[in-house]
Structures are given as structure tokens and as C-alpha cells.
Amino acid sequence: MLTSSPRGTTDILPEEARRWQWMEAVARSLCARYGYEEIRTPAFEHTELFERGVGDATDIVEKEMYTFLDRSQRSLTLRPEGTAGVVRAYLQARLYSQPQPIKLYYIGPMFRYGRPQSGRLRQFHQFGVEAFGSEAADLDAEVITLAGDFFQSLGLTGLELHLNSVGCADCRPGYRQELVQYLTPRVGELCETCRSRYERNPLRILDCKNEACQSLSVGAPKVTSFLCPKCAAHLRAVENHLRASGMAYVLDPFLVRGLDYYTSTAFEIMLPGEAGGSIGGGGRYDKLVEVCGGPPTPAVGFAVGLERTLLAMKQQGLTPAPSRGPLVFVAVAAPEARAAAWEVLCALRRAGLNADKDFLSRSLKAQMKYADRLGARLAVILGPEEIAGGWVTVRDLQHGIQDRVNRDELIGYLQQFLPDKQVENK
RNA sequence: GUGGGUGUAGCUCAGUUGGUUAGAGCGCCAGGUUGUGGCCCUGGAGGUCGCGGGUUCAACUCCCUUCACCCACCCCA
């Protein structure tokens, strides 16, 4: 118990953390390119924010939240998703009084209580963006292309973008009615959960994976044919922009996202195949800011699951971020040389070189072996001879050759081995 | 929340119809004489056999409980 992390949590050990750093760096530089700035919001919020924002009829709020009372009996909840907190911050900081749109991104842990399984943890991580203050369709398209570029930059292929419109306050009720009418004589054929959805959120039935429900859905009236002129035009405009950007997509009239706040544009990025899951999704939520007590403010955003992204990369054999050991390892040939070696090590580090040493009083032989294991490129060896002569032995561990170098020329000599920046970023 | 699978050294695993000092490979540490890595050889350290209980003369091996992990469902990221 003391030696295992809580269920559904995991440590990201150095080898894995290298991949994360790389992936996050890709996300950050992409956001900079698109003009999105980072926002960091708290990992927990007032419970009401999620009940109101995410929707209290959603599964997330009904059974997946980490909710607790703090010492003064306030009900707080570990954020199950990122949008609600960002919306709250947008209002709290009155960002609506700045030039719109406000374009933000976040990377951080989210929490959902459920049975862990592959690509699903209780603490997981999302990268997401939110753009507030414009209802322009090209903003939807920008957000979607940003998501697409993210996966492309990582080298992922074969992803499918599913696009739909779930309508707005004007047209959704009409469609809903139509759908219910269609379903009413067939309620009996629905799966158990869908029978309760029939009452509370019939649109979600379209999204059910159950075969019986799916075959019913096929014959059901499609949202897209009930969209009001505004929503229909918006969807067409988004499509046009996507086409112009060269981004492939499939219209999926059955796509209904699980969060209540979506209006009009909804999309999901799927990874077809064995895992077959979605690794990201988003859409428009033009009513959410208002629902949270702010001025009417249209917005679009998406979130991608980082663990799932990493999983997909592994499936596709993409293994970035090779381990990079120190450039130089400082070894001593005899205990008397330790003080001098320490000085050399400090000087190398001050000069900006990655350098390391042994901390277990190992023999020279063992130090060399250790240097090799660390992946050091060079070994600087100091012993009585070197100290007496004011020089140092530099061994190239890659080629197995070594050289004498004067101590005051050492840094300049080593710098020629610095990996160039391209390699550094890999 | 529902269903199924698994749980032996740091890692991957073996362990005979329950039988007495629980093994291998890799890894780790140390040696293979005189200041040097990657190969090879030798030696060493390291295990509450997930936890608790039960059956038995005897359990890593059988039974129960519990915990954890994995997989599927639900749902989603």
C-alpha cells in the first residue's frame, strides 16, 4: 500500500517523461503558431461549476466526479475536464473586456472516477484549447485544424475527423421532438441504458454502440436535416474552411458528444482499429459562458487525451525522444585526483556542458562502465599523471580513442562535441 | 458500477500429482594483477512466493476473503 500509487494513477518515470516533454513541446509550439496562449487553472473547482457547466445529467457529473468537502464544508471537485474552469477564469478575470477572440490553451491533469483500463486512468491528462468571443465558422475550423496539426506533428496517421452539428436552441428542440416521435413506437427495442436516455437525452441514443440501438439510429431522422438556416449555414461554412485547409473529415450525423454544453459544431477525432476509441473531441458551446453567469459569449474548443495519444503513437511505432546521456563523464584514476576532478566537473557545468561523475567510489574500470551505461559521449580522466602535467585525458567513448588535452583548453576542446540543436530537439 | 483474467527476485518468467536449502535469463554490484567502458568468464547481493485466513503432518502449489493490476462493458479522453 505504501509502495503503490492509488488506483487509476500512475507515475510517469523518466523514460516516459521524455516522451511527455516532447509531446507537450509540440503542443506549445503549435499553439504559439496559432496565437493561443497558455492558461493554468486550478485542479479543483466548486462542485457547482461542473454541475452547471458540464451538465448534471451527464455521466461525468452523475458518477465520475471526485467530489469532496474541504475543512470548511465547501463542496469541491477535482476537475473532470478543462473547459468549465477556463470559462470560469475567463469570467473571473473579465477577459471579455479585452480584444476578442481570446484564444487559450491548457495542458494538465484531469480526474474522473471509473474503472481504469488501457488509455483510461482516474488521473489523466488533456491538452485543450478554447477560443472565446467569436461565432465565426473559421474559428471552428481553426480549432479543428490545430487539433489535426497536433496529431500530424506527432507523426500519427490514419486518424479520422468526424464532424456534425447538434443544432442550437432554435433547432434542437424541434429535432428532438422529431426523434422522440420516431423512437416512441420502438422504445422496446432499445438497450436498457438507452431506454432511460429516451427520457432524459434522446440524442445520445444515436451515439450508442449497442447494435440494436445503432440499427434503429440508421433509420432515424438526421439532425442535419432539421438544422435552422443559421446552423446549417454555419456547418457548411466550417466544411468549406476545412476543405480549403486540406483537412479531411467525414460528416457523421450520429455524433453526439457526452457533454451537455455543445451547440452547433461537434467533432471527434477517432483512431479506427483495434482500440477504436476517440482520442480527442470538441465543438462549439455558445451558451456555456452565459449559463455560468457571464455575458452571452460564443466559444469553441477541443480537448485531446494525452495518454491515448501516446498509446496511439506506440501502436504506430513512433518512439521519439531518445535518451540523451551527459556529454562528458569525469572519472578519476585515483582517489587523490578527486578534488581536481570536482573542480573540472564544476567548470564544465558552468560552461554549459552536460557533465556527470561517479558517486559510489567506483574503480576507474567501474566508472568507465558506468559512463557507458549513462550514455556519455566522452570521458575526461584525471589521475596523478594528469594533475602533475596540467592536462587531462579525454576519451571518445563512441570511437574508443583518446587524447591529451591541456586543462585550460578543455572546455573549448569539448565544445566541438556539442550536439547541434536539431539533434537536441528530436 | 457489471463481467472475465492475472499476482513467484528490480524486469521477463519457470516451479513437477501439495513434501522439506524457491530457480533461470536480463539487470545490479564485485573480480579476471599493474590507471580505462561496450564482448566474454567467475563470484556476489537480492524473494514477507500480493495481503489475511482456512484445509493438511506439510502449501508457491488446494479453498475462501481482500487488495492491486490487466481486459471488456458502461461512458468517455
Please determine whether a side-chain nitrogen of the Lys or Arg among A:E16 and A:K314 lies less than 4.0 Å from a carboxylate oxygen of the Asp or Glu.
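Salt bridge present between A:E16 and A:K314.
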Between A:R377 and A:D396, is the closest basic N to carboxylate O distance under 4.0 Å?
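Counted as a salt bridge, because a side-chain N and a carboxylate O are separated by less than 4.0 Å.
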| said: Under the ring-ring contact (aromatic ring centres under 6.0 Å, His included) definition, can you give me all pairs with a residue in residues 351-388 of chain A, not counting sequence neighbours? | reply: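 ring-ring contact (aromatic ring centres under 6.0 Å, His included) check on residues 351-388 of chain A returns A:F329-A:Y370.
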Enumerate the residue pairs fulfilling ring-ring contact (aromatic ring centres under 6.0 Å, His included) with a member in residues 386-410 of chain A, sequence neighbours excluded, ordered by first and then second residue.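 Passing the test, one end in residues 386-410 of chain A: no pairs.
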For nucleotides [N] and [M], find the distance between their [atom1] atoms and express it as a whole number of Å.
N	M	atom1	value
B:G10	B:A45	P	15 Å
B:C57	B:C67	C1'	32 Å
B:U65	B:A22	P	30 Å
B:A72	B:C29	P	38 Å
B:C63	B:U2	C1'	25 Å
B:G46	B:A30	C1'	15 Å
B:G18	B:C41	C1'	40 Å
B:U8	B:G50	P	6 Å

Counting side-chain heavy atoms from C-beta on, which of [options] comes nearest to [X]?
X	options	result
A:E385	B:G35, B:A30, B:C28	B:G35
A:D372	B:G35, B:G38, B:G31	B:G38
A:T393	B:A30, B:C76, B:G35	B:G35
A:I381	B:G35, B:C28, B:C69	B:G35
A:R395	B:G35, B:C69, B:G38	B:G38
A:Q126	B:A77, B:A68, B:U36	B:A77

Taking RNA chain B as the partner, which of [range] come within under 4.0 angstrom of it by heavy atom?
range	answer
residues 154-167 of chain A	none
residues 340-347 of chain A	none
residues 113-123 of chain A	A:R115, A:Q117, A:S118, A:G119, A:R120, A:L121

(request) Taking ring-ring contact (aromatic ring centres under 6.0 Å, His included) as the test, write out the residues that go with A:F111, two or more places apart. (result)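 A:F111: no ring-ring contact (aromatic ring centres under 6.0 Å, His included) contacts found.
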* **A:W20: partners by ring-ring contact (aromatic ring centres under 6.0 Å, His included), with sequence neighbours left out** =>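 Counting only residues at least two positions away or on another chain, A:W20 forms a ring-ring contact (aromatic ring centres under 6.0 Å, His included) with A:H125.
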Tell me: [atom1] of [X] to [atom2] of [N], nearest whole Å?
X	N	atom1	atom2	value
A:K369	B:G31	NZ	P	11 Å
A:R373	B:G10	CZ	C1'	13 Å
A:M368	B:A30	CE	P	15 Å
A:Y370	B:G38	OH	P	16 Å
A:L364	B:A30	CG	P	12 Å
A:L374	B:G37	CG	P	16 Å
A:K365	B:A30	NZ	P	11 Å
A:I269	B:C76	CD1	C1'	15 Å

_Taking atom types as they are modelled, would you say the side chain of A:Q398 forms a donor-acceptor pair with the base of B:G37 within the 3.5 Å cutoff?_
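By the distance-only test, no, there is no pair.
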Between B:U36 and A:Q367, counting only base atoms on the nucleotide and side-chain atoms on the residue, is there a donor-acceptor pair under 3.5 Å?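 For A:Q367, whose side chain was compared with the base of B:U36, there is no donor-acceptor pair (under 3.5 Å).
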Any residue meeting salt bridge (Lys or Arg N to Asp or Glu O under 4.0 Å) with A:E268, in chain and number order, not counting sequence neighbours: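 Per chain and number, A:E268 pairs via salt bridge (Lys or Arg N to Asp or Glu O under 4.0 Å) with A:R257.
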Does a donor on one side chain sit under 3.5 Å from an acceptor on the other, for A:S165 and A:S264?
->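 A:S264 and A:S165 do not have a side-chain donor-acceptor pair below 3.5 Å.
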Verify the distance criterion only: is there a donor paired with an acceptor across the side chains of A:Q123 and A:Y66 at less than 3.5 Å?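 Note: A:Q123 and A:Y66 side chains miss the donor-acceptor criterion.
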- request: Give a yes/no on whether any side-chain N or O of A:R7 is located under 4.0 angstrom from OP1 or OP2 of B:C69.
  value: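 Answer yes for this pair, as a side-chain N or O of A:R7 is under 4.0 Å from OP1 or OP2.
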When we call it a touch if two heavy atoms are under 4.0 Å apart, what does [X] touch: a base, just sugar-phosphate, or nothing?
X	value
A:E307	nothing
A:I279	sugar-phosphate
A:G128	nothing

- Partners of A:T145 by side-chain contact (heavy atoms from CB on, under 4.5 Å), sequence neighbours excluded?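 Residues passing side-chain contact (heavy atoms from CB on, under 4.5 Å) with A:T145: A:Y34, A:S245, A:M247.
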- A:R120 side, atom CZ; A:R115 side, atom CZ - distance, nearest 0.5 Å: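 So the CZ of A:R120 and the CZ of A:R115 are separated by 11.5 Å.
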Open item on the list: Keeping A:R308 on the side-chain end and A:S278 on the backbone end, is there a donor-acceptor pair under 3.5 Å?
Closed with: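 Such a contact is found between A:R308 side chain and A:S278 backbone.
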Can you label the angle between the A:F132 ring and the A:Y90 ring as parallel, tilted or perpendicular, going by 30° and 60°?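 Rings of A:F132 and A:Y90: parallel, under 30°.
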Find which nucleotide of RNA chain B each of A:E386 and A:S363 is nearest to by heavy atoms, and output the residue with the more 5' nucleotide.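 Mapping each residue to its closest nucleotide by heavy atoms, the 5'-most match is A:S363.
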Quiz item: If you find the nucleotide of RNA chain B closest to A:A366 and the one closest to A:H399, which residue's nucleotide is nearer the 5' end?
Solution: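 It is A:A366 whose nearest nucleotide is closer to the 5' end.
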Show me the side-chain donor-acceptor pairs of residues 177-185 of chain A shorter than 3.5 Å, one per line, residues at least two apart or across chains.
from	atom 1	to	atom 2	distance (Å)
A:Y182	OH	A:L216	O	2.6
A:T184	OG1	A:V180	O	2.5
A:T184	OG1	A:Y198	OH	2.9

Suppose we call two aromatic rings close when their centres sit under 6.0 Å apart. Are A:F302 and A:Y105 close by that rule?
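No, ring centres 6.0 Å or more apart.
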Under the rule of Watson-Crick or G-U wobble with both distances under 3.5 Å, where | means paired to another strand and [ ] a crossing pair, RNA chain B maps to (((((((..((((.....[...)))).(((((.......))))).....(.(((..]....))).))))))))....
Fill in: Ring centroids of A:F124 and B:A77 base under 5.5 Å with planes under 30°
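Yes, A:F124 stacks on the base of B:A77.
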Cation over ring, A:R40 on A:Y106, under 6.0 Å and within 45°?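 Here A:R40 fails the 6.0 Å and 45° test against A:Y106.
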Would you tabulate the side-chain donor-acceptor contacts of residues 155-163 of chain A under 3.5 Å, counting partners in other chains and residues two or more places apart, or write 'none'?
from	atom 1	to	atom 2	distance (Å)
A:T157	OG1	A:Q316	OE1	3.3
A:E160	OE1	A:H162	NE2	2.9
A:H162	ND1	A:D252	OD2	2.8

